[in-house]
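One structure is given here, and the rest of the page talks about it.
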Amino acid sequence: MTTRDTIRVSEIFGPTIQGEGALIGQPTVFVRTGGCDYRCSWCDSLHAVDSEYRDTWKAMPPEDILAEIEKLTGGKPIMVTLSGGNPATQPLDRLIEQGKAKGYSFAMETQGSVVKPWFADLQMLVLSPKPPSSGMGTDWRVVANCVRTAKAAPTVLKIVVFDEADYAFAREASERFRELPIYLQPGNHTPPPPEDDSATVDQEGIDDRMRWLVDKVVEDKWYGARVLPQLHVMLWGNKRGV
């Protein structure tokens, strides 16, 4: 097993439910990889992003990751959600291949900044370009290449919205990729510091933002958009591993 074959893992946990987007409410196990090519201003998973915490990440071969998934699920196939950080920066092809051979299915969320051929092997690719409030930029050509590379794999857009500029960004994304379903969610403006997942969430403030977002969509007659909460934040706040 070479270093190139190993995957940097921040945490593996579940079974729990998917808290957002197209698969909201679906039972899943999360494999959260370590490392990211972005640094969003409101990131809620800095423990899997900031290189300051790389000593907490574990380099694991796909066989060991799959063994941990099987241990958590009792060997019963389930959806596996690949998250991060940016999981697209990791060599996940063999994990997906081996997991699918045992009946597991795989969904992944990425900002669309890195393209990998194994996107086509996913059961769902969630592209989540980061809006202006993140402080990051988006290369729409790379996002389009992600869509093309995924081929027949179901692909959706998911955009976090904090303000008017983010909303306009989401509208632009939808116009650029009219063939893709789009999911909008209000951003959590009270993300946890990496060392404290018990940090208080301003759920009332998030709910206010969601009501505003619903009103915007209805007012603009943007009936193709789907507005959803972050269900895991509603249920567990900033708690990690759920």
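- In terms of heavy atoms, Phe30 sits closest to Ser83 at CD2-OG, 3.9 Å.
- Ile7 and Phe13 sit in two unconnected hydrophobic clusters of ILVMFWY residues. Membership requires side-chain heavy atoms under 4.5 Å apart, directly or through other members.
- Contact record, Pro15 with Leu72: CD-O, 3.5 Å, taken as the closest heavy-atom pair.
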Candidate pair Val217 and Leu184, rule side chain to side chain contact (heavy atoms under 4.5 Å, CB included), full reasoning: CA-CA 10 Å; Val217 166; Leu184 310 179; 3.9 Å; yes
Stepwise side chain to side chain contact (heavy atoms under 4.5 Å, CB included) check, Arg148 with Phe119: CA-CA 10 Å; Arg148 286 192 296 270; Phe119 286 1; over 6 Å; no
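- Shortest non-hydrogen contact noted between Gln185 and Gly21 is OE1-N, 4.5 Å.
- Atom CD1 in Ile182 sits 10.0 Å away from atom CD in Glu175 (nearest 0.5 Å).
- Between the side chain of Thr138 and the backbone N or O of Met136 there is no donor-acceptor pair closer than 3.5 Å.
- With hydrogens and angles ignored, the 3.5 Å screen pairs a side-chain donor or acceptor of Arg8 with a backbone N or O of Gly34.
- At least one side-chain heavy atom of Leu92 sits less than 4.5 Å from a side-chain heavy atom of Trp118.
- Side-chain atoms of His47 and Arg32, non-hydrogen and from C-beta on, do get closer than 4.5 Å to each other.
- Each of Thr33, Thr110, Leu122 was compared with Leu82 under the side chain to side chain contact (heavy atoms under 4.5 Å, CB included) criterion, and only Leu122 meets it.
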Can you check side chain to side chain contact (heavy atoms under 4.5 Å, CB included) on Gln203 and Val233, steps first, answer last? CA-CA 8 Å; Gln203 188 62 53; Val233 175; 3.6 Å; yes
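- Heavy-atom minimum distance, Val114 versus Val142: N-CG1, 4.2 Å.
- Side chain to side chain, Asp202 and Thr190 fail the donor-acceptor criterion of an N or O pair below 3.5 Å.
- Side-chain contact between Asp163 and Asp166: present, with at least one pair of heavy atoms (C-beta onward) separated by less than 4.5 Å.
- The hydrophobic clustering, which links ILVMFWY residues whose side-chain heavy atoms are closer than 4.5 Å, places Leu125 and Leu180 together.
- At least one side-chain heavy atom of Leu46 sits less than 4.5 Å from a side-chain heavy atom of Arg39.
- At least one side-chain heavy atom of Glu70 sits less than 4.5 Å from a side-chain heavy atom of Leu66.
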Verify side chain to side chain contact (heavy atoms under 4.5 Å, CB included) between Val161 and Trp212, making sure each step is shown before the conclusion. CA-CA 10 Å; Val161 177; Trp212 167 80; 3.8 Å; yes
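- By the neighbour-count criterion of 12 heavy atoms within 6.0 Å, atom NZ of Lys58 is sparsely surrounded, having that number or fewer from other residues, nucleotides or ligands.
- A side chain to side chain contact (heavy atoms under 4.5 Å, CB included) with Tyr104 is found for exactly one of Leu95, Ile69, Val29, namely Ile69.
- Within the 6.0 Å centre-distance limit, the rings of Tyr167 and Trp222 are counted as a close aromatic pair.
- Using a 4.5 Å heavy-atom threshold, the side chains of Glu68 and Val9 count as separate.
- Between Ile206 and Gly187, the shortest heavy-atom contact is CG1-O, 4.0 Å.
- With contacts defined as side-chain heavy-atom distances shorter than 4.5 Å, the pair Ser134/Tyr38 does not qualify.
- Under the 3.5 Å distance criterion, the side-chain polar atoms of Thr89 are left unmatched by any main-chain donor or acceptor of Cys36.
- Contact detail for Cys43 and Val49: the closest heavy-atom pair is SG-CG2, 3.8 Å.
- In this structure, CE on Met108 lies 11.5 Å from OG1 on Thr81, to the nearest 0.5 angstrom.
- Lys158 contributes atom NZ, which lies 10.5 Å from atom CD of Gln111 (distance to the nearest 0.5 angstrom).
- Taking hydrophobic clusters as Ile, Leu, Val, Met, Phe, Trp and Tyr residues chained together by side-chain heavy-atom distances below 4.5 Å, Val201 does not share a cluster with Met234.
- Residues Ile78 and Phe106 share a single hydrophobic cluster, defined by chaining ILVMFWY side chains whose heavy atoms lie under 4.5 Å apart.
- For Glu179, the side-chain contact (heavy atoms from CB on, under 4.5 Å) partners at least two apart in sequence or on another chain are Val147, Phe177.
- Atoms CG and CD, from Asp5 and Glu63 in turn, are 8.5 Å apart once rounded to the nearest 0.5 Å.
- Checked against side-chain contact (heavy atoms from CB on, under 4.5 Å), Ala22 has the following partners two or more places apart in sequence or in another chain: Met124, Val156, Tyr183.
- Atom CZ of residue Arg171 and atom NZ of residue Lys216 lie 8.5 Å apart, to the nearest 0.5 angstrom.
- Side-chain N/O atoms of Gln230 and Glu20 include a donor and acceptor closer than 3.5 Å.
- Taken from NZ in Lys116 to CG in Asp93, the straight-line distance is 8.0 Å, to the nearest 0.5 Å.
- Residue Val214 is grouped with residue Leu157 when hydrophobic side chains (ILVMFWY) are merged at heavy-atom distances under 4.5 angstrom, including chains of intermediate members.
- Looking at Pro129 and Phe169, their side chains come closer than 4.5 Å, going by heavy atoms from C-beta outward.
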